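Below you'll find the structure, written out as structure tokens, and then a few comments.
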Amino acid sequence: MSSQDDVFVGSIDQGTTSTRFLIFNRDGVPVADHQEEFTQIHPHPGWCEHDPDEIVNTVHDCIKGAVDKFKTDGHSNDKIKAIGISNQRETTVVWDIKSGEALHNAIVWTDTRTSGIARDLKKRKGSDELMDICGEPISSYPSVTRLLWLLKNVDKVKEVYERGDLAFGTIDTWLVYKLNGGPEKNVFVTDATNASRTAFMDIREVKYSDHLLDFFSYEFDLRKIHMPEIVRSSDAKAFGAISSGPLQGHKITGVLGDQSAALVGQKGFEPGSAKNTYGTGCFLLYNVGEKPVISSHGLLATVAYDFEGHRAYALEGSIAVAGSGVHFLMRNLGFSFASHKITELAETVPDNGGLVFVTAFSGLFAPYWIDDCQGTMFGITQHTQRGHVARATLEAVCFQTKAILDAMEKDSGHKLHELKVDGGMSNSALCMQTQADLVDIPIVRPKMRETTSLGAAIAAGFAAGVWKDFDALKGVNKADETVFERKMSDADSARMVRRWEKAVQMCAGWKD
Ligand code: G3P
């Protein structure tokens with residue numbers, strides 16, 4: 001190996017249920033990794049919190065675990081030229097900017113406690129003008145409702161707010177701040193992809209919007225809160241450096257929300273390319289080019305990535321429950337302890353046997369945005385078996401993806417030619433075949449599916465000169481792909497979709 005090729009990039013992937021650290025070589029091949037799960041805190045039904053300090057500890061542990069393996073394989077730390085971060089988006093952390101102490105558990109993006117706040121916001125005069133500015137509908141999904149909830153309900157947060165020391169951030173901001181050593185260095189930034197998930201940012205200007213801040217400041221003056229500076233996703237200086245542990249002194253040079261990272265990792269740089277990541281939730285991002293498209297059909301406008309000289313936007317379809325539906329079968333219903341067993345169970349039956357499972361544990365996101373529905377199964381008979389339930393759980397994600405693609409076609413005026421996929425559930429050939437059967441475009445699954453981590457590594461590697469530009473990525477992750485094409489008849493596919501849509505309509509209005 002020439003010294004030129006003996007170059008690596010580290011990538012922190014801080015997801016909803018686990019943290020990972022991967023080290024990639026210049027061809028985008030992961031050479032070492034370490035993963036840790038952390039506690040999911042559910043104080044009440046529908047609530048979900050993470051301990052912000054535990055998250056930081058898992059990042060340190062994962063870095064140590066992966067670097068140990070890297071060194072055992074004969075590499076040295078100084079060959080790691082840059083560190084990238086991809087993170088769960090919208091999840092909200094508040095802390096005291098002076099002490100660096102978190103003031104409450106992070107409220108996770110799946111948490112539904114703020115649906116009442118979202119409903120009240122929607123009733124306020126002028127609420128229908130917001131989406132054109134921030135790109136997303138008012139719901140419990142963006143960070144804003146979580147921040148308002150914390151201000152209203154947690155005395156300690158209110159106290160620090162009144163003192164003028166309250167800091168707000170998403171997980172990227174919290175990690176960068178903490179990895180740099182906290183208040184001493186006070187590196188307090190967010191990248192444009194993460195900022196576009198807060199509902200505070202003007203999506204066109206990529207700046208905090210006065211209009212949005214005024215609208216949300218009806219009870220608390222949000223300008224009194226420290227908000228991180230919005231910077232590019234790839235930047236040699238803005239994110240500082242890791243202050244302790246085996247990678248002490250190594251610069252963080254790239255940050256992307258995880259779904260943006262997956263688009264970058266799939267090299268979805270051309271307008272018209274799209275990827276669907278079947279993780280805890282499932283998120284379809286469609287690159288629309290240099291200008292945002294504000295959806296009229298239930299999708300979100302988001303910054304796809306913001307590299308020097310290349311800012312791209314995406315239309316996004318967000319599905320709240322994907323892998324978490326599989327986990328529900330495993331953990332709550334005791335179906336199995338391994339996710340691939342759920343696919344095996346689904347394969348024991350030839351079809352769903354008439355069962356439709358609307359997995360609306362956090363209400364339904366795109367393109368429906370129904371926050372008063374809950375998970376519901378339709379079509380249970382004495383013939384229903386566990387295999388049908390497993391199959392219906394996988395199918396729920398495929399149906400929502402179909403609805404999102406239909407909405408995208410209407411918003412963009414174009415039909416997609418293919419859909420690139422990744423994430424845990426994409427390992428299920430049954431699930432991917434079902435997806436192809438329902439959407440009737442090729443579903444393209446790369447062999448190396450660590451695309452979220454790879455995307456953050458690419459963002460970091462660009463700023464550190466590991467790759468010069470998009471052209472230099474040609475050799476990256478070009479291993480084989482598997483393509484799934486439709487096998488089902490049009491009529492059968494259409495019948496399944498009709499039953500799903502009927503089930504969705506019947507779910508609405510269930511929750512008090
Ligand atoms: O918007 C939430 C999203 O970023 C979470 O991603 O991979 O944890 O499902 P994931």
Side-chain angles (χ1 to χ4, degrees), residues 11-20 22 35-38 40 48 50 55 58 85-93 106-112 114 134-137 139-146 169-175 190-199 233 255-266 275-285 299-305 314-328 339 359 361-366 369 397 400-401 404 421-427 449-456:
S11 185
I12 298 164
D13 176 4
Q14 203 305 296
T16 311
T17 55
S18 77
T19 301
R20 307 180 68 187
L22 281 87
Q35 177 167 19
E36 273 186 20
E37 293 198 347
F38 53 87
Q40 304 292 318
C48 184
H50 294 159
I55 285 190
T58 61
I85 299 179
S86 66
N87 60 283
Q88 52 168 322
R89 307 165 305 165
E90 296 94 18
T91 298
T92 300
V93 192
I107 303 186
V108 180
W109 63 274
T110 49
D111 188 297
T112 56
T114 63
C134 66
E136 51 190 330
S139 73
S140 60
Y141 186 35
S143 312
V144 53
T145 58
R146 299 171 216 291
T170 40
I171 292 292
D172 57 316
T173 303
W174 173 246
L175 286 183
T190 186
D191 96 296
T193 67
N194 277 293
S196 59
R197 319 298 299 181
T198 58
S233 319
V255 171
L256 286 164
D258 55 6
Q259 303 308 322
S260 285
L263 184 73
V264 170
Q266 290 269 20
K275 70 89 211 178
N276 204 21
T277 302
Y278 302 74
T280 304
C282 181
F283 301 88
L284 200 158
L285 263 67
L299 305 175
L300 275 58
T302 197
V303 176
Y305 50 84
L315 265 173
E316 173 172 324
S318 327
I319 298 168
V321 173
S324 52
V326 170
H327 272 248
F328 167 78
S339 44
T359 49
F361 306 151
S362 301
L364 272 182
F365 284 12
W369 300 108
V397 190
Q400 290 170 84
T401 297
I404 285 166
V421 295
D422 50 43
M425 270 173 81
S426 72
N427 293 329
R449 296 198 273 285
E450 305 297 355
T451 43
T452 301
S453 303
L454 178 60

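When a ligand or atom number is given, it counts from 1 through the structure's own listing order. Predicted model, so just to flag it, every value in this text is computed and none were measured.
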Close residues, ligand 1: non-hydrogen atom nearer than 4.0 Å: Thr16, Gln88, Arg89, Glu90, Trp109, Tyr141, Asp258, Gln259, Gly279, Thr280, Gly281, Phe283
Cation-pi geometry met for Arg146 and Tyr141 (6.0 Å, 45°): no
Ser453 side chain to Glu450 backbone, donor-acceptor under 3.5 Å: no
With a 4.0 Å cut-off, would you call Lys275 and Asp422 a salt bridge? no
Minimum heavy-atom distance Leu454-Gly265, with the two atoms named: CD2-O, 3.7 Å
Can a side-chain donor-acceptor contact be found between Ser196 and Thr302 if the only test is distance below 3.5 angstrom? yes
Under a 3.5 Å threshold, yes or no: a donor from one side chain and an acceptor from the other, between Thr401 and Asn276? yes
